[in-house]
Participant: 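Take a look at the following structure, please.
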Amino acid sequence: MGDRIRKLKKIRIHNEGTNTLVYSMTAIVLVAACLWHAFDSKVAFWTFAAVFGTAWSVVLNFYRCPIRYFNGDTGRVVVAPADGRVVVVEEVEENDYLHERRLMVSIFMSLFNVHANWFPVDGKVLFVKHRDGNYHKAWLPKASEENEHADVMIETPEGHKVLCRQIAGAMARRIVTYAKAGEECFIDEHLGFIKLGSRVDVFLPLGSEVCVKMGQATTGDLTVIAKLP
């Protein structure tokens, strides 16, 4: 019982979802109350309560925000910036900023994953840029370049530059980025939040040791996805 209580204390609701959850619950309660008093038969009430109660529970699950801490030395370590599954591990040409070949690891987040994003490495934020774009399905290769996305470039204490890209998906319509240029950042800190299905790409220097494989599930801030050269 004690372990269960301690586990629950480590889970909270992300502040990005507070207003949405409060307003939607208020609306559901008001409509349900009207249905209860308006009809002698309670079929409409129970149908509404079941459907919208389930939908609200899904949204509540979406906005959960576990409190996590990486256990170990963070030197040269790259942690998963998001919960989800690995959909890309390949070398690509990064032509927007670095203009060189990079090792890209991409993590797709479904509706049922935690959607808070963590910094993948310790370091300093060099810049943050947001680009408008399309809303292709997030797991498609073209999503990385064509979808709306936010780019955060980080320089590690060892001098490596790591690009982290938050990508909006077919359902996602809002990318929130907390990173600010010039500030130091650390593993365990939140980089941002993406609402609904989406994806995060991490562009690493060639020679990095990949520690995950295609299709593998990741836990944000805990799963080591790579080690820098």
Side-chain angles (χ1 to χ4, degrees), residues 3-18 60-86 89 103-110 112-130 149-167 172 174-195 198-205 208-212 216-229:
D3 290 340
R4 183 181 179 186
I5 293 175
R6 284 191 291 271
K7 183 177 181 180
L8 290 174
K9 286 182 178 179
K10 293 182 179 180
I11 299 176
R12 58 187 174 184
I13 301 302
H14 202 283
N15 55 16
E16 294 294 338
T18 303
L60 175 65
N61 182 71
F62 169 80
Y63 281 115
R64 71 194 189 281
C65 184
I67 300 173
R68 296 172 181 165
Y69 299 100
F70 182 76
N71 184 21
D73 182 11
T74 59
R76 295 179 52 241
V77 167
V78 183
V79 299
D83 288 15
R85 61 183 176 86
V86 178
V89 179
L103 181 62
M104 183 174 75
V105 179
S106 301
I107 298 171
F108 172 73
M109 293 172 281
S110 75
F112 301 101
N113 289 126
V114 170
H115 272 57
N117 301 150
W118 285 264
F119 284 104
V121 294
D122 291 341
K124 181 178 180 180
V125 178
L126 299 181
F127 62 78
V128 179
K129 295 185 179 180
H130 183 276
H149 59 269
D151 292 333
V152 178
M153 185 72 77
I154 305 166
E155 185 172 23
T156 70
E158 296 80 20
H160 295 298
K161 291 182 179 178
V162 174
L163 174 63
C164 187
R165 174 169 292 167
Q166 299 172 282
I167 303 170
R174 187 182 177 202
I175 298 174
V176 182
T177 306
Y178 306 136
K180 297 185 182 302
E183 292 186 350
E184 291 187 340
C185 61
F186 301 94
I187 289 172
D188 292 341
E189 293 181 342
H190 282 163
L191 177 145
F193 193 95
I194 310 179
K195 296 191 174 182
S198 42
R199 165 177 160 180
V200 180
D201 294 347
V202 182
F203 296 82
L204 304 169
S208 297
E209 176 189 350
V210 177
C211 302
V212 291
Q216 179 176 332
T218 62
T219 302
D221 196 47
L222 297 181
T223 301
V224 176
I225 62 172
K227 294 183 179 179
L228 297 171

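Keep in mind the model is a prediction, meaning the values are calculated, not measured.
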Participant: Could you work out, with side-chain hydrogen bond (donor to acceptor under 3.5 Å, both in side chains) as the rule, every residue matching Thr177, not counting sequence neighbours?
Facilitator: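 side-chain hydrogen bond (donor to acceptor under 3.5 Å, both in side chains) list for Thr177, sorted by chain: Gln166.
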
Participant: Restricting to non-hydrogen atoms, name the atom on Phe70 and the atom on Asp188 that form the minimum distance, rounded to 0.1 Å.
Facilitator: N-OD1, 2.7 Å

Participant: Measuring only between side-chain heavy atoms, which start at C-beta, is Met109 closer than 4.5 Å to Asn117?
Facilitator: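 In contact.
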
Participant: Mind checking the CG-CG spacing from Leu163 to Asp201? Nearest 0.5 Å is all I need.
Facilitator: 8.5 Å

Participant: Taking atom CZ of Arg199 and atom OG of Ser110, what is their separation to the nearest 0.5 Å?
Facilitator: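 Going from the CZ atom of Arg199 to the OG atom of Ser110 covers 15.0 Å.
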
Participant: Holding to side-chain contact (heavy atoms from CB on, under 4.5 Å), I want the full list of residues that pass it with Ala226, two or more places apart in sequence or in another chain.
Facilitator: Val78, Leu204

Participant: Heavy atoms only: give me the nearest His160-Pro205 pair and the separation to one decimal.
Facilitator: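 Heavy-atom minimum between the residues: ND1-CG, 3.9 Å.
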
Participant: How long is the straight-line distance from CG of Leu191 back to CZ of Phe186, given to the nearest 0.5 Å?
Facilitator: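 These two atoms lie 14.0 Å from each other.
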
Participant: Compare every heavy atom of Val79 with every heavy atom of Phe119, then report the nearest pair and how far apart it is.
Facilitator: O-CG2, 3.6 Å

Participant: Distance from Cys185 atom SG to Glu155 atom CD, nearest 0.5 Å?
Facilitator: 10.5 Å

Participant: Got a sec, which residues hit side-chain hydrogen bond (donor to acceptor under 3.5 Å, both in side chains) with Asp83, two or more places apart in sequence or on another chain?
Facilitator: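 Residues passing side-chain hydrogen bond (donor to acceptor under 3.5 Å, both in side chains) with Asp83: Arg68.
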
Participant: Going by the rule salt bridge (Lys or Arg N to Asp or Glu O under 4.0 Å), which residues pair with Asp151 if we only count those two or more places apart in sequence or in a different chain?
Facilitator: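 Partners of Asp151 under the salt bridge (Lys or Arg N to Asp or Glu O under 4.0 Å) test: Arg165.
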
Participant: Taking all non-hydrogen atoms of both residues into account, name the closest pair between Pro81 and Val202 and its distance.
Facilitator: CG-CG2, 3.8 Å

Participant: Give me the ring orientation class for Phe193 and His115: parallel if the planes are under 30° apart, tilted from 30 to 60°, perpendicular past 60°.
Facilitator: tilted

Participant: Got a sec, which residues hit ring pair (Phe, Tyr, Trp, His ring centres under 6.0 Å) with Phe112, two or more places apart in sequence or on another chain?
Facilitator: none

Participant: How close do His190 and Ala116 get, heavy atom to heavy atom, and via which atoms?
Facilitator: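 Closest heavy-atom pair between His190 and Ala116: NE2-CB, 4.0 Å.
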
Participant: Within this structure, what is the CG-CD1 distance for the pair Asn113 and Ile107, rounded to the nearest 0.5 Å?
Facilitator: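 Taking CG in Asn113 and CD1 in Ile107, the distance rounds to 10.0 Å.
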
Participant: Hey, could you give me the CD1/NZ distance between Ile154 and Lys161, rounded to the nearest 0.5 Å?
Facilitator: 13.0 Å

Participant: The criterion is side-chain hydrogen bond (donor to acceptor under 3.5 Å, both in side chains); which residues satisfy it with Glu158, sequence neighbours excluded?
Facilitator: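 Result, side-chain hydrogen bond (donor to acceptor under 3.5 Å, both in side chains) vs Glu158: Thr156.
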
